[in-house]
Trainee: 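My questions all concern the structure below.
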Amino acid sequence: MPSTVREYQDAILKAKKEKGFAILAHTYQSPEIVEVADFTGDSFALSKKAMGITEKNVLMCGVRFMAETVKLLSPEKRVLLAAPDAGCPMAEQFVREEIEDYRADHPDVLVVCYVNTTTDLKRACDVCVTSASALDIMRKLPTDREILFIPDCNLGAYVQAAYPDRKITLWRGGCPVHAAISKEETVAAKAKHPTAKLLVHPECKPDVTALADYIGSTSGIMKYAAESDAKEFIIGTEISVVWHLSYRFPDTKFYPLSKNLVCRNMRLTSLPDVLAAVKGEGGEEIVLDEATMKEARVCIDKMIELG
Ligand code: 13P
Ligand code: SF4
């Protein structure tokens, strides 16, 4: 049995080849997981990547909704989630019946959902968006319809700020990691690093995003940092992004906006979990019935059509 990080990584690389697995690691995964992955990126980018690969087995290192989205886009593949307990409180905060009840009272509403949500909730939605495509897709939706934007009210508030004349309804909640960052700690981080650029995810609250030099998705933040001439950045998203950027750009300083920007669910995947899954001894296969997948695909297909 392996007993060091390096030995685990070697065993995973060998087993995934033997068993015909592709490993997908969300950007918020730890570096030791990212190193054994075939692809790393944000959730929707990974799902699209999986569509074009030859491997029949796909292992998602991330949270449940990400593995479900891979399955929805590649139903013919066997998709496993490495850490079955890894959920996302933001993605899972509503149930489909709440949307259906709202629709019954507001028959003209268009339900727009962040692709980062459950398969079941997607079944009740009209169109998905990613944090990168939200503003663009909103522009293409009819202006005379009310929009119910779920499940992240802070991403919704970011969209609302860009379209102040539209009727956009937001509900409670948000990402407990990003939304926990306060304006006060953001002001303090800027005061501590006055020449650093502040890059934040739109899942942060509006009084935090208002202070940012750049608001964007995880991949947007990484691209901005890669292309900027600045040498210091405060990173307002999950702390692993600071680690990844620090490895890639050793001459640049990256500071976490807060030490609390740690997603416990993203930290649940371990190298032993990955090894067990690729050996057929662990992980959980994502099983969705045909009818559910068909219904949930409608809002994803609409996003692809509009995007
Ligand atoms: P994306 O992968 O869609 O950027 O988002 C992941 C996430 O969990 C943001 O908090
Ligand atoms: Fe969910 Fe927030 Fe963790 Fe992303 S960072 S997986 S939105 S809890």
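The figures here come from the full heavy-atom set of this structure, side chains too, leaving out hydrogens, waters and symmetry mates. Order of listing sets the numbers, starting from 1, for every ligand and every atom in it. Computed from a predicted structure; not experimentally measured.
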Trainee: Are any N, O or S atoms from Cys175 nearer to atom 2 (Fe) of ligand 2 than 2.8 Å?
Mentor: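 Within the cut-off used here (under 2.8 Å), Cys175 does place an N, O or S atom near atom 2 (Fe) of ligand 2.
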Trainee: Supply the atom-to-atom distance Arg96 CZ to Leu121 CG, rounded to the nearest 0.5 angstrom.
Mentor: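 It comes to 9.0 Å.
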Trainee: Can you pull out the closest protein heavy atom to atom 3 (Fe) of ligand 2? Residue, atom name and distance to 0.1 Å, please.
Mentor: Cys263 SG, 2.4 Å
Trainee: Just to confirm my output: which protein heavy-atom neighbour is closest to atom 4 (O) of ligand 1, and how far is it?
Mentor: Thr218 OG1, 3.1 Å
Trainee: State, without any angle test, whether Thr130 and Asp42 hold a side-chain donor-acceptor pair at a distance under 3.5 Å.
Mentor: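 Side chains of Thr130 and Asp42: no pair found under 3.5 Å.
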Trainee: Please report which non-hydrogen protein atom sits nearest to atom 4 (Fe) of ligand 2, along with the residue it belongs to and the distance in Å to one decimal place.
Mentor: Tyr28 CE1, 4.0 Å
Trainee: Taking Thr186 for its side chain and Ser182 for its backbone only, find out whether a donor-acceptor pair lies under 3.5 Å.
Mentor: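 Here the side-chain-to-backbone pair exists.
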Trainee: For Met90, take its heavy atoms, then give the atoms of ligand 2 lying under 4.0 Å from any of them.
Mentor: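 Reading through ligand 2 atom by atom, the close ones are 7 (S).
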Trainee: What's the shortest distance from atom 2 (O) of ligand 1 to any protein heavy atom, and which residue and atom give it?
Mentor: His26 NE2, 2.5 Å
Trainee: Any non-hydrogen atom of Tyr28 lying under 4.0 Å from ligand 1?
Mentor: yes
Trainee: So for Glu238, does at least one of its heavy atoms come nearer than 4.0 angstrom to any atom of ligand 2?
Mentor: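 Heavy atoms of Glu238 never come under 4.0 Å of ligand 2.
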Trainee: Considering only the protein, which heavy-atom contact is closest to atom 10 (O) of ligand 1, and what is its distance?
Mentor: Glu203 OE1, 2.8 Å
Trainee: Measure the OG-CG distance between Ser246 and Asp251 for me, rounded to the nearest 0.5 Å.
Mentor: 11.5 Å
Trainee: Do Ser258 and Glu185 meet the criterion of a side-chain donor-acceptor pair at a distance under 3.5 Å?
Mentor: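 Per modelled atom types, Ser258 and Glu185 side chains form a pair under 3.5 Å.
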Trainee: Could you see which bit of Ser43 sits under 4.0 Å from ligand 1, with heavy atoms only: side chain, backbone, both or neither?
Mentor: both
Trainee: Does the side chain of Gln9 pick up a donor-acceptor pair with the side chain of Glu32 at under 3.5 Å?
Mentor: no
Trainee: With atoms numbered from 1 as shown, which atoms in ligand 2 lie under 4.0 angstrom from a non-hydrogen atom of Pro89?
Mentor: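 This gives 8 (S) as the contact atoms.
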Trainee: Which ligand 1 atoms, with their elements, are less than 4.0 angstrom from a heavy-atom of Asp42?
Mentor: 1 (P), 2 (O), 4 (O)
Trainee: Give me the ring orientation class for Phe233 and Tyr224: parallel if the planes are under 30° apart, tilted from 30 to 60°, perpendicular past 60°.
Mentor: perpendicular
Trainee: Among all protein non-hydrogen atoms, which one is nearest to atom 7 (S) of ligand 2, and what is the separation to 0.1 Å?
Mentor: Glu203 OE1, 3.4 Å
Trainee: For the residue pair Asp136 / Ser133, report whether a side-chain donor-acceptor contact shorter than 3.5 Å exists.
Mentor: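 Side-chain D/A pair, Ser133 to Asp136: absent.
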Trainee: State the atoms of ligand 1, each with its element, that fall below the 4.0 Å cut-off from a heavy-atom position in His178.
Mentor: 10 (O)
Trainee: Which protein heavy atom lies closest to atom 1 (Fe) of ligand 2, and at what distance to 0.1 Å?
Mentor: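 For this ligand atom, the closest protein heavy atom is Cys88 SG, 2.3 Å.
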Trainee: Tell me yes or no: between the side chains of Ser217 and His201, is some donor less than 3.5 Å from an acceptor?
Mentor: no
Trainee: Before we go on, tell me: are the rings of Tyr102 and Trp171 under 6.0 Å apart, centre to centre?
Mentor: yes
Trainee: Would you mind finding which of Asp152, Thr69, Asn116 brings a heavy atom closest to atom 5 (O) of ligand 1?
Mentor: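 It is Asn116 whose heavy atom sits nearest to atom 5 (O) of ligand 1.
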